[in-house]
Amino acid sequence: VQLAASGGGLVQAGGSLRLSCAASGRAFRAYPMGWFRQATGKAREFVAAISWDGKRTAYADSAKGRFTSSRIAAKNTVNLQLDSLKPEDAAVYYCALKAEQDFFAAAYSREEDYNYWGQGTLVTVSQ
């Protein structure tokens with residue numbers, strides 16, 4: 001499975017960006033997917049996640065009310081809408097996929113739940 005993230009860029013504080021992540025390869029069914037980010041000098045952290053069917057989402061406290069995760073129904077393509085961006089949101093954003101059949105249809109927030117990762121897309125937020 002290969003993941004390709006896109007949509008990062010430079011935006012002013014208060015602005016918006018829309019990140020996308022598409023899976024290809026051995027992705028013959030829909031899987032849970034998530035977003036993590038890593039700022040310079042910091043550990044990677046959870047941002048948002050969405051269940052394989054798109055019905056459940058989970059967000060980090062820092063993302064609640066500002067970021068929205070969505071997916072094309074039963075497809076391994078997910079979007080992350082970033083609104084009201086702050087300078088502290090600047091980071092490399094990674095998408096991840098949990099390539100296991102998921103009977104719980106859950107949204108997973110732990111890095112260890114995911115076994116495929118994209119290359120990351122850089123989000124820069126200016127004052």
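Aromatic rings of Tyr116 and Tyr31 (six-membered ring for Trp) have centroids beyond the 6.0 Å cut-off, not under it.
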Residue pair Phe36, Phe46: steps toward the ring pair (Phe, Tyr, Trp, His ring centres under 6.0 Å) verdict: CA-CA 4 Å; Phe36 294 77; Phe46 168 71; 5.6 Å; yes

Worked check of side-chain contact (heavy atoms from CB on, under 4.5 Å) between Lys86 and Arg66: CA-CA 10 Å; Lys86 304 175 182 179; Arg66 300 188 301 124; 3.8 Å; yes

Pair Leu17-Leu85, side-chain contact (heavy atoms from CB on, under 4.5 Å): steps then yes or no: CA-CA 8 Å; Leu17 285 173; Leu85 282 162; 4.2 Å; yes

side-chain contact (heavy atoms from CB on, under 4.5 Å) assessment of Val47 paired with Tyr93: CA-CA 9 Å; Val47 177; Tyr93 283 69; 4.2 Å; yes

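Atom-to-atom distance recorded for Ile50:CD1 and Thr57:OG1 is 6.5 Å, nearest 0.5 angstrom. Atom NZ of Lys42 is separated from atom CD of Glu88 by 8.5 Å, given to the nearest 0.5 angstrom. Atom SG of residue Cys21 and atom CG of residue Asn79 lie 9.5 Å apart, to the nearest 0.5 angstrom.
Between Ala13 and Pro87, the shortest heavy-atom distance links the atoms CB-CD, 4.1 Å. The shortest non-hydrogen separation linking Gly118 to Tyr94 is O-CD2, 3.5 Å. The two residues Ser69 and Ala48 have their closest heavy-atom pair at CB-CB, 4.3 Å. Closest heavy-atom contact between Pro32 and Asp102: CG-OD2, 3.6 Å. Taking every heavy atom of both residues into account, Trp35 and Leu19 meet most closely at CH2-CB, 3.7 Å.
Within the 4.5 Å cutoff, the side chain of Leu10 has heavy atoms near those of the Ser126 side chain. The side-chain heavy atoms of Asp113 and Glu100, taken from C-beta on, include no pair separated by under 4.5 Å. The shortest side-chain heavy-atom distance between Ser6 and Thr121 does not fall under the 4.5 Å cut-off. Side-chain contact between Glu45 and Glu111 is absent, with no heavy atoms from C-beta onward closer than 4.5 Å. Side chains of Asp89 and Phe67 form a contact here, defined as non-hydrogen atoms less than 4.5 Å apart. Between Val123 and Val125 the shortest side-chain heavy-atom distance falls below 4.5 Å.
A donor-acceptor contact shorter than 3.5 Å is absent between the side chain of Tyr114 and the backbone of Cys95. Counting only distance, with no hydrogens or angles, the side chain of Arg71 and the backbone of Ser51 share a donor-acceptor pair below 3.5 Å. With hydrogens and angles disregarded, no donor-acceptor distance shorter than 3.5 Å links the side chain of Arg44 to the backbone of Arg37. The closest donor-acceptor contact from the side chain of Gln119 to the backbone of Ala5 lies under 3.5 Å. At distances below 3.5 Å, at least one donor-acceptor pair connects side-chain atoms of Asn115 with backbone N or O atoms of Ala99.
Arg29 and Asn76 share no side-chain donor-acceptor pair at under 3.5 Å. With no hydrogens or angles considered, a side-chain donor-acceptor pair links Asp83 and Gln81 at under 3.5 Å.
The hydrophobic clustering, which links ILVMFWY residues whose side-chain heavy atoms are closer than 4.5 Å, places Met33 and Leu82 together. Side-chain heavy atoms closer than 4.5 Å link hydrophobic residues (I, L, V, M, F, W, Y) into clusters, and following such links, even through other members, never connects Trp117 to Val78. Residues Leu80 and Val11 share a hydrophobic cluster, clusters being chains of Ile/Leu/Val/Met/Phe/Trp/Tyr side chains in contact below 4.5 Å.
Listed by first and then second residue, the disulfide (SG to SG under 2.5 Å) pairs that reach into residues 98-127 come to none, sequence neighbours excluded.
Salt bridge annotation for Lys64-Asp61: present, with a cationic side-chain nitrogen under 4.0 angstrom from a carboxylate oxygen.
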